[in-house]
Each structure stands twice: as C-alpha cells, then as structure tokens.
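See below for the structure under consideration.
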Amino acid sequence: MSELRKLPFQLTNTLTRRKEEFVPAAPPHVGLYVCGPTVYSDVHLGNVRTFTMFDLLYRWLTHIGYKVRYVRNITDVGHLLGDAADGEDRISKGARAEKLEPMEVVQKYTNGFHAVMRQFNNLDPSIEPTATGHLIEQIGMVERILKSGYAYETNGSVYFDVPKFAAEQSYGELSGRKIDELLANTRGTEGQAEKRNPLDFAIWKNAEPEHLMKWPSPWGIGFPGWHLECSVMSTKYLGRTFDIHGGGMDLKFPHHECEIAQSVAADGQQPVRYWMHTNMLTVNGRKMSKSEGNGFTPEELVSGDHKLLERGYGPMTVRFFMLQCHYASTLDFSNEALQAAERGLERLMDALDRLDASKPGDRDDADIPGLEQRCYDAMNDDLNSPVMIAELFEAVRIVNSVHDGKQQLTSVSLERLRRLMRSMVYDVLGILPERATGDVDTVLDGLVQEFIRLRMEAKAKRDFATSDAIRDRLIGLGIQLKDTKDGTTWERV
RNA sequence: GGUCACGUGGCCGAGUGGCUAGGCAGAGGUCUGCAAAACCUCGUACAGCGGUUCGACUCCGCUCGUGACCUCCA
C-alpha cells in the first residue's frame, strides 16, 4: 500500500538466533504453520498467549500486503505418554476418564478451543487440519523415511534412527543440542526395548488391543507418532519448504527438531525457512503449565473464579496485556499488571472515541506522519508491539490535547491519525471495543441526556446539591458523567 | 548433572555504547462550584564485583539469583 509498508520486516529466526530480513520464497504469498493445541483438555492461558502472538504475526503480514496461508493444526491423536510401554495416548486416556468416545473428547475440546479463540479475537487460520484426517499422508511419510534408511521397524512400530541421521545429516541445530551430549545424557531405557537407541522416536506405534484410537497400516494396527502430523500437514498444504513455522518455546526440543529430521529424511530438504518461537507465560515467576497446576482457563480469568485472581478481567484486557510484552520475552501474570493493562486500554479506547468528536483546526501541532512511521518501524522490527503501543499512547496524548483545545490538527492530519489508530488498534492488535458503543440503547441515551439537562438547570441555579445528587445517583447505576468545555458526556463504567 | 536464557525505578514491561521508552500506581500543578476525565511537571532504574573504552545499563569475565529445555505441555 503506502511507501511505509514496503519497509523490510525483520524477524528473529530461532534457527540462526539472529534477526533477519523476512523475504518470502514466493512473494506476495507467505506460508505460515503454527503448532496447534492437543484437544484432550481445556486450553489454558499459555496456549492463548502463543496463538495470540501468531495472530499478531498473521495480522501484521496481512496488513503489510502479504497473502498469507495460515495453517494451524488440531492434534486429535494424543501424543504418546511418557511411558511408551503402556501404549495409551492422551486422547484415549481422556476418553477413558470421562467415558466418552475419543472423537467426542476431541470434538468437545476443539469446540472449546474455537470459542476461546473467538473470545480473544484471534482470526481463524486459513486451514485447520487434523491429524486423524491425514492418516494416509502420515503413513506415506513413514514409508518415505523407511525408504531413505533413517527408520526401522520393530514389532509393528517404526522408529526414527536418530544416531544414524545425526551421523549423516545435521541434528540438533534448532535447539542447540549436540548429539554426543544427548547420547551421554539420556535417561533410563525402561520400557523402551523396541528402540535401538533411547533418542530414537516413534513415527508409527503399534497399538495394544485396548488402545482406542488405531488404524491399519503396512506395519499392522497402530497410530502415528508424536511429531509426524506437523511434518505431514505442513508439507501437504505449504510445500516441502515453506516460510515460517512457529510454536511455543517448549516445542523446540524435541518436537521441532524431530520435524526437521523427519522432513530431511523423507524429502531431502530443510522444511522451514524461518523458525519463530514464543516465550512462556509465567505466574509468580513460574511457567504456567498443566503439570504445575498454576494455569487458569480463560473462563476462570474472565470470571475471576480462581484462587490466584482477585477478580475477573475482560478478554480484550488480557489480549492488550499480552501485546504489551514482546513475544520472545517471558510474560509474568499478576493481578496488579492486569489492572494496569485494563486502565491503559481504557484510556486508549477513550481516546479513539474522542478522536471521532475532535474538531479540525488550521495548523498542525503534532507530527502525525512521524508517528505513523514509528508505528510501522516498531512492528517491522521483529513484531515489537510494546513499542508500537507506546507510540499509540503518544497518539492518545495528542488526541486528548486536541480535544482540550490545547493543540490543533488540520482535518487532513486528523483523518490520518484516525486511520492510523483504527488500523493499529483494530486490525493489527485485534482489539475490539469491549463496551459496544455502537449499539447503545437510544432510549437509555435519551434518558441520560434528560438527566444531564436537569442537572444543567440545577447548576445554572447554583443548586449544587441537586446537581451532585443527579451525578452521584447515576454513578450508582453505572453511568459516569463527564463535564467538558463542550458540555457533558456519559459512559458506562 | 548438561545446555540455554534472563535479572531494568513501587508493579508490568521496551531499548540502547554517550541522546525521555511506554503503561499502571504515586507526588505537585492547570482546569472545575466540587468531583471525574484531561493536560503539564516530577522519580536521575538498569543484580553484585572486576575488566575493555574518552564514556557501559548496553561489550567481556566472574559471582549471586531466577527461569526454561533435557519427559507430555504453547
């Protein structure tokens, strides 16, 4: 679009550990793959953070003119549990516990996941493939890996031969692991007798009779291994080498490392051009995780019904809070921080409303093009939303000064500022106005206006007892009056 | 134990070899009949100890602290 948007977008590639200029393989098209959730339980806030950060990436790439195909999978075959010998995966375990069909478990939590994504205003991906929908392709990939010689079959299971692969190709580059250290450092091999080496991982697993989710394959009845689905689905929809692959930091090893190995073994090429990893959400300095039990669900966050929460917070407050932190930093969750975000967001949204009511002047007291440039620079610099938001608060100050009549902007600048703020807040950050100002009841507005008139009359008679009583009673009903030079406005609080 | 990060003012969080991040909270002021809102001003913060440098919060080393990964997790 404008010349601003042609600025190079810099992205930290976690494969090279450097900030690099992002150049898609086939502009203007961009292929983006993000590891989605395993749908065997409710999503927690850490997941929401990761997906919100990739939503920001998706929105930004789209905003600067790329045509993005955004693929985010649903893992509906559970990854194997730690003890591979029991042959039971997470989905099956969830099904057993709740006495449900496995696909019923999958459907339930997929629905929940979608509801949460909508609640936090994350855009839908272009394709949301499921592992169970790609069994044939997964079997095909296992066959290709076997053919290349980097896998072996034992008792109906197929394992990836990590030491052999590491000896002939490179392994561990993404996560910075060295094969010798890994070999020296592996834990007990109890229950892993089928593997030649503890580092080997299953790409196809033989299913025990009691295992619920299983499919026929050339190696017998079984189910696909942990890491295969992402390799298969990214290849299918984005090609053997695609632009950006993302996920949480905790997936770097072994998941993403294994994906690279699988793709190289099966198809002979590096699958991903830019790797991007988001950092963890912490609570009181500790990683929010399922096993720690310190995670709350989005539902609990909104309702405030959790021992760590003083009260509930709106989804947009939470989204804004997350966006005020760079994706590669850990973000610590606390009531105090959330409340600060809430107030800040309120001020930002107030300014956005106020901008619509601002009257143009005949000179420019503020440099709007400069502000716009800094917003684009910030976002182009590795998606630096915290700095972009800081610029937005500079815009808030300008808007309020103009509103107070202390500064002026011409109609051209006012319009440019309005476009900038709207596109940054609504389109790029994906913030929705939490209170629906658009559909305020006209009857309610009429009533409040009537009270405002009564209060003005009282004030004109210097009957402040009456005027204050009107104001205070309205506050009691959740309606805040604000006196300005141009009259009184109101809003819900 | 191995590998890798991080440690910024009351809180959350950017950033940088020398130039104000920003938000929230707090203090003072302007406006107002009062209040709310808004605007202006204010905190000389970068874990500790050394080193490099004209100059380091920013580079290097060590120490302390915290965390992540090494096993399922975004």
Side-chain angles (χ1 to χ4, degrees), chain A residues 17 34-38 40-41 43-54 75 78-84 89-90 172 175-178 181-182 184-187 199 226 246-255 277-282 285-292 295 320-321 324-326 328-348 350-351 354 374 378 381 384-394 396-397 399-401 403-407 459 462-464 467-468 471-472 475 480-485 488-489 491 493:
Chain A
R17 295 174 182 75
V34 175
C35 290
T38 302
Y40 73 101
S41 66
V43 288
H44 70 80
L45 222 51
N47 303 71
V48 174
R49 182 193 184 197
T50 292
F51 299 131
T52 300
M53 293 300 110
F54 284 105
T75 297
H79 292 175
L80 282 172
L81 290 174
D83 183 6
D89 71 29
R90 296 180 157 244
S175 56
R177 306 295 151 116
K178 293 183 180 58
E181 289 169 0
L182 287 171
N185 222 350
T186 45
R187 300 185 178 185
L199 291 183
W226 310 1
M249 288 268 261
D250 48 358
L251 293 183
K252 244 176 151 178
F253 188 90
H255 184 59
H277 290 93
T278 58
N279 216 132
M280 299 294 104
L281 187 64
T282 60
R286 305 199 75 84
K287 176 186 168 187
M288 183 183 278
S289 70
K290 286 166 186 170
S291 48
E292 289 262 347
F320 186 67
F321 170 69
Q324 272 188 298
C325 174
H326 188 79
S329 301
T330 54
L331 172 61
D332 196 59
F333 218 83
S334 68
N335 285 283
E336 208 174 356
L338 235 18
Q339 282 160 25
E342 187 175 69
R343 296 296 307 276
L345 177 61
E346 201 176 313
R347 205 157 81 84
L348 180 62
D350 281 350
R354 210 164 272 156
R374 290 194 298 278
D381 181 13
N384 200 329
S385 53
V387 168
M388 193 269 267
I389 289 171
E391 296 298 340
L392 249 24
F393 277 107
E394 171 64 16
V396 168
R397 216 206 76 246
V399 170
N400 287 331
S401 292
H403 185 75
D404 277 6
K406 287 171 182 159
Q407 286 195 0
K459 281 174 75 171
R462 302 192 66 79
D463 178 5
F464 296 122
S467 70
D468 288 354
R471 185 180 64 201
D472 295 344
I475 267 285
Q480 169 82 61
L481 301 186
K482 293 180 179 181
D483 293 341
T484 73
K485 284 188 167 53
T488 301
T489 60
E491 67 180 38
V493 289

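All values derive from a computational prediction rather than experimental measurement. Just so we're on the same page: letters track the sequence lines, and every chain starts at 1.
- Taking atom CZ of residue Phe333(A) and atom C1' of nucleotide A74(B), one finds them 15 Å apart after rounding to whole Å.
- Spacing between atom CG of Leu331(A) and atom P of C6(B) amounts to 17 Å, rounded to whole angstrom units.
- Ring stacking holds between Phe464(A) and G33(B), with the centres under 5.5 Å apart and the planes within 30 degrees of each other.
- Counting only heavy atoms from C-beta on, Leu251(A) has its side chain closest to C73(B) among C24(B), A14(B), C73(B).
- Contact check, Asn47(A) against A74(B): a side-chain N or O comes under 4.0 Å of OP1 or OP2.
- When the side-chain nitrogen and oxygen atoms of Ser329(A) are compared with OP1 and OP2 of A14(B), one or more of them lie within a distance under 4.0 Å.
- Across all strands, Gly247(A) comes closer than 4.0 Å only to sugar-phosphate atoms, never to a base (heavy-atom distances).
- U30(B) and C59(B) have their C1' atoms separated by 46 Å, given to the nearest Å.
- When all heavy atoms of His326(A) and Pro386(A) are compared, the closest pair comes out as N-CG, 3.4 Å.
- Minimum atom distance to the side chain of Thr38(A) is reached by A74(B), of the listed C34(B), C12(B), A74(B).
- Base pairing of U32(B): no nucleotide in any strand meets the Watson-Crick or G-U wobble criterion (both distances under 3.5 Å).
- The residue Phe321(A) sits close only to the backbone: its heavy atoms come under 4.0 Å of sugar-phosphate atoms, none of a base.
- Listed candidates were C39(B), C24(B), C70(B). Nearest to the side chain of Arg343(A) is C24(B).
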Practice prompt. Mind running side chain to side chain contact (heavy atoms under 4.5 Å, CB included) on Asp381(A) and Val387(A) for me, showing each step along the way?
Written response: CA-CA 10 Å; Asp381(A) 181 13; Val387(A) 168; over 6 Å; no

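- In this structure, C57(B) makes no Watson-Crick or G-U wobble pair, since no nucleotide meets both defining distances under 3.5 angstrom.
- Spacing of P atoms, G18(B) relative to G13(B), comes out at 24 Å, to the nearest Å.
- Distances were taken from every side-chain heavy atom of Glu181(A) (C-beta onward) to each of U3(B), G13(B), G23(B); the shortest belongs to U3(B).
- A salt bridge links Asp468(A) with Arg471(A): at least one charged nitrogen is closer than 4.0 Å to a carboxylate oxygen.
- Smallest separation of non-hydrogen atoms from Gly248(A) and Thr50(A): N-CG2, 4.1 Å.
- Side-chain nitrogen and oxygen atoms of Arg397(A) include at least one within less than 4.0 Å of the OP1 or OP2 phosphate oxygen of C40(B).
- Considering all non-hydrogen atoms of both residues, Ala337(A) and Phe321(A) come closest at CB-CE1, 3.5 Å.
- Note on Lys252(A): nothing from the nucleic acid sits closer than 4.0 angstrom, heavy atoms only.
- G17(B): no Watson-Crick or G-U partner with both key distances under 3.5 Å is found in any strand.
- Figure legend. A25(B) is base-paired to no nucleotide; pairs are counted as Watson-Crick or G-U wobble with both atom distances under 3.5 Å.
- Closest approach to the Phe393(A) side chain among A14(B), G22(B), C69(B) is made by G22(B) (side chain taken as heavy atoms from C-beta onward).
- Here Ser175(A) lies out of heavy-atom contact (under 4.0 Å) with every strand.
- Closest contact between the side chain of Arg354(A) and the listed nucleotides A21(B), A38(B), C70(B) involves A38(B).
- Here Asn384(A) does not reach the OP1 or OP2 of A14(B): none of its side-chain N or O atoms lies under 4.0 Å away.
- When heavy atoms are screened at a 4.0 angstrom cut-off, Gly36(A) is found touching the sugar-phosphate backbone but no base atom.
- What separates CG of Asn400(A) from C1' of A38(B) is a distance of 6 Å, to the nearest Å.
- One atom, CG of Asn335(A), and another, P of A25(B), lie 15 Å apart when rounded to the nearest Å.
- Considering only the side chain of Met280(A), A74(B) comes nearest among A21(B), C39(B), A74(B).
- For the pair Met249(A) CE and G67(B) C1', the interatomic distance rounds to 10 Å; values are reported in whole Å.
- Atom C1' of C57(B) sits at a distance of 12 Å from the matching atom of G7(B), rounded to the whole Å.
- As judged by a 4.0 angstrom heavy-atom cut-off over every strand, Ala340(A) is placed among the base-contacting residues.
- A14(B) and U8(B): their P atoms are spaced 11 Å apart (whole Å).
- Taking atom CG of Leu392(A) as the reference point, atom P of G22(B) lies 14 Å away to the nearest angstrom.
- G65(B) and C6(B) make up a base pair, with Watson-Crick or G-U wobble contacts both under 3.5 Å.
- Rounded to an integer number of Å, the gap from Asp463(A) CG to G33(B) P is 15 Å.
- At a cut-off of 3.5 angstrom, counting only N and O atoms as typed in the model, there is no donor on one side facing an acceptor on the other between the side-chain of Arg471(A) and the base of A36(B).
- The side chain of Asp250(A) sits closest to C73(B) out of C73(B), A21(B), C70(B).
- Of the candidates A14(B), A74(B), G23(B), the closest approach to any side-chain atom of His326(A) belongs to A14(B).
- The pairing partner recorded for G43(B) is none, the criterion being a Watson-Crick or G-U wobble arrangement whose two distances lie under 3.5 angstrom.
- When rounded to the nearest whole Å, the span between CD of Glu336(A) and C1' of C12(B) equals 8 Å.
- For Arg347(A), taking side-chain heavy atoms from C-beta onward, the closest of the listed nucleotides C39(B), A74(B), G13(B) is C39(B).
- Nucleotides G23(B) and U41(B) place their P atoms 12 Å apart, quoted to the nearest Å.
- Shown here, U71(B) forms no base pair; nothing in the strands shown gives a Watson-Crick or G-U wobble contact with both key distances under 3.5 Å.
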